[in-house]
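Shown next, in structure tokens, is the structure this report addresses.
In the text below, chain A, chain B and the rest are named by the order of the sequence lines, each starting its count at 1.
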Amino acid sequence: MANAEQNVIDLLDKLAVKIMMIEPGDLSAVGELLDILEKLQEQAASLSKTVLQQMASAVQSALQQVIMGELSDSAETFEQFAECVSRMQEVLRDGDDAGVMDKFCGHLASIGFKITLAEILGEGASSSDLSVVESPFLKDKELLECFIEETADYLGSIETHVLELEKNPGDSEALNAIFRSFHTIKGTAGSVELDDISRLAHATENLLAEVRNGVIAMDSSVTEAVLNIGDALQSMVDHVQEVYEKGISYSPLDVGPYIVIIDALMGKLEKAAGVAPEMPEKETDAPDADEEKEESLDFLNDVDLLSGFISEAFEHLESIELNVLELEQNPQDLEIINNIFRPFHTIKGVSGFLNLKTINKLAHMTENLLDDVRNGKLTMDSVIIDIVLGVGDTLRTMIQNVSDVLEQGPQAYKQFDISDYLEQIQETRSGESSIKTVNKQTASISSPEQIQEAAMPNPVHSEIKPASSPSSAAIKPENTSSASQAPRKKSIEASIKVDIRKLDGLVNAVGELVIMQAMVRHNPIIAGLSDPKLNKDFAQLTRITTDLQKTAMSMRMVPIRQTFQKMTRLVRDLSKKTGKKVDLVMRGEETEIDRNMVDSIYDPLVHMMRNSVDHGVQVPEQRRKAGKPEAGTVKLSAYQKGGNIIIEIADDGEGVNTEKIRNKALERGLIQKDSSLSDYEINNMIFLPGLSTADKITDVSGRGVGMDVVKKGVEKLRGKVELQSTPGVGSLFLMYLPLTLAIIDGIVVRVGEERYIIPTIAIRESMRPNMEYYNTVQGGRGETLLVRDTLIPIVRLYQIFGVKNACTEISEGITVIIENEGRQRALLVDELLGKQEVVIKSLGGYMKDIKGVAGGTILGDGRVGLILDLSGVISSTDEIDSTGTV
Amino acid sequence: MENTENQQEKSSHGLTKLAGKYLTFELGKEEYGIGILKVREIIGLMEITAVPHTPPYIKGVINLRGSVIPVLELRAKFNMEAQEYTDRTCIVVVEVQGESGTVMVGMIVDSVSEVLNIAENEIEPPPSFSGSDVENDNFLGMAKIKGKLKILLDVDKVIGQSGLGKLHEIT
């Protein structure tokens, strides 16, 4: 692999040299070029670099046309070919970047060879080689995990901010946040070689840049586009995760349609402003590149001086940063401005002397900018502060690179594109744009540390880097603004990433510790001792283990914020669709839930929110008639109460129509005409499948599936859900969830010699059955117990589990009334042993999917007890007894 | 390359690979051996929690220092007559390849004998027991040591995939 990579690099270098040396009219030399291109295509194919392969093939076709005389073989033509080779080098080094490829097409177009971007990418995507593109991003799992996790975060924040922006179109903070997020996604996707994602993010970033520059208005079409792109990216990330977890093959996203939309939106801008967005970049790129070529040879002349400069410059930059931050507090303090000005001046001077031209130029421009501030031509504002900080960061990375070159030789040299900064400083100085903020420039920071970090665990990347020869053109910034800015902006929350398995291991071990501690303590010999010191020590030990357990558990907890944020979008879309006005109020987003629960509560939440918006909140006229404000309010809150997390969804709509539910339930034979059920009980029947009260089925809800899904989903998490409704005032959904999935509250029961744990949350009551209420069906094949006017089928646990020596007389046992998925059963057990919190253990891959058993746990005496899976228990009785008395 | 390896394995039943250390144990009058690298530990008999809806040879689960692991009765697995447990009865905990990574499984055996170093030339491929209800797949080979036959078990086969398949069939 590494060899092939090196071959490609060598071939490209060779190609570049040959093209440079070629004389117009020398057709045999052109033939040589064709040979090299042929080899290049082979190598690129073997590396699954389809885009590069397509590029090489395009150049080859163009050269063939030159030989055929269809294209002129002038010096200009070969210049353009040389440019094409440079672009190919860039693609090889930086991944497929739409911008670079665009230029590539441009070079070929300028000599009369027509090729579109789509041909390069499209052919690449549809060619048979695709199957060979075996998810290159899978190479580096750590990086990929990081990417998946981060991108999900960013997409969440994008959505939130887009919605914010929609409410408040002038909110430049929100716009910047969106821009930053896309930028970061672009960068990280590029670094894991997810080119489709990177391209889409890049295009969106361009679009947003125009919005930020005020060229395009942030109107509904842009909002819609950005949201859709966010969705597309989310589904891509999900797909990537699937690929990563399940090892299925990766099918890249067809970004074409999105790019078309973006182009259309950007097209508006071109008409409006008459400027091609990419133009300025192109102009500045070329001269920069030339300059740097000379520079890279020059500055190594005086090593002593250079190393002196490096260490000094770092100190200067440190002091600049400190002072800038101070300046933020006192923007008018001239002394501080001077303190910033001086180090820039020094850096400018020394770098100029050492022929470090880019650094010199950047420092010089910044110095000019600061000079204007000092002279009162400009006022120090946040824009300038951001520029100065950004420049500081960039200078640091550039100087770091110089120091790398000093240590590792010229091949470590990197090029930096500072044109954005220069432009921005220029604009700021001429007072053109004060809207532009920090992000524009950070977009062009290339920070080698980050690239290196990203590349380190990845052998292929590190192979490429040293080879990026000084002759290659500017390194495109791939890294993120947030990484360099975030530490300053956010409060620092130190955290480390830990493998979830290690965490689970820790939680398990702590669980064991708690049990062992209890076992030791209740050991008859120790329990018989009455030593006060021992008792005190035990109390202390208990405290410590409890603390430890709490801490271990809390490590798996995450704030519910992200899940809640997704609801914002949902409510927005729903209210648009239904033509209702809805305000979403969120509370308690910081409430923490078990990480493993996050995904599972999403669906139930969506259904409940839909229900609240679609059925709960009325349309504006109705609301006006009812004397309510036109806009309905849906309150989403989370809090912890006792051993539960409670999520509430409250709307101020009309409430649930109890009569309607009663009629529906009667219709479906779920209740008797004369049954005396409370309104609360009737209302909660909406959680039964097929019981929708909606008059019409909309595409939002009404099929009677939603609430059933909610109940099932919540019960799977060993939680429960209930509905409280006040007619005319609104309805309230309450979702009770366990604090953690690792521990459940259970009742330990004995059946024969076996002990089972029944989850407490499913237990309604337990009793010694009164034989007066005992009835049989079909000669005893079906048994029921009448509990408070409800006939409940009896399940003899020993029967379905085949336990010997258990109590078989109903009157001598205990019945535990359980409810699961809306069905009630009376479980016959021998004895209740007590209530206990137990740590759930899987029975292992060898014994999974055993009907009626959810898992095992270690009981107080060290033996294993089985935890009942109630839906399994109930369904296995259905097999035995198919009278179906629900 | 892989092909030739396979052929080699077929021709000599991979007997070269079989040479090594084995833990031997008794079931009735027969002696069995399992590759020592598969063995995690040997523990005395402890209380076993029965699990419903499992094949009869699955005795249940035990608590092995905080992990819940299944235990199977090897006699029942091999359709041998059941025998009262004695103080020599013990559980050999082995690590086998399950569907999702390695899993630990306990096997109840009559008694553990010794760890033997078995050389290549002492191992013969297992004879075919066609026509009987012996599952040929369960055996790696036979070793004759000092006139006594040791049956070398392929634990992955005995309790791994085949065991799982059966388990699902029954439940």
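By the ring pair (Phe, Tyr, Trp, His ring centres under 6.0 Å) test, B:Y22 pairs with no residue at all, sequence neighbours left out. With sequence neighbours excluded, the residues forming a side-chain contact (heavy atoms from CB on, under 4.5 Å) with A:L503 are A:M555, A:R556, listed by chain and number.
Checked by atom type and distance alone, the side chain of B:T49 never pairs as donor or acceptor with a backbone atom of A:G865 at under 3.5 Å.
Dense packing is recorded around CZ of B:R75, with more than 12 heavy atoms of other residues, nucleotides or ligands lying under 6.0 Å away. With a 6.0 Å radius and a threshold of 12 heavy atoms from other residues, nucleotides or ligands, A:K804 has its NZ atom at or below the threshold. Annotation for B:E81: atom CD does not count as buried by contact number, only 12 or fewer foreign heavy atoms lying within 6.0 Å.
Neither the backbone nor the side chain of B:L64 comes within contact range of chain A, judged by heavy atoms closer than 4.5 Å. Only the backbone of B:I48 comes within contact range of chain A, with heavy atoms under 4.5 Å apart.
A:I850 CD1 to B:I58 CD1: the interatomic distance, rounded to the nearest 0.5 Å, is 8.0 Å.
Considering only heavy atoms from C-beta on, A:R863 stays 4.5 Å or farther from B:N63 through its side chain. The side-chain heavy atoms of B:P52 and A:L866, taken from C-beta on, include a pair separated by under 4.5 Å.
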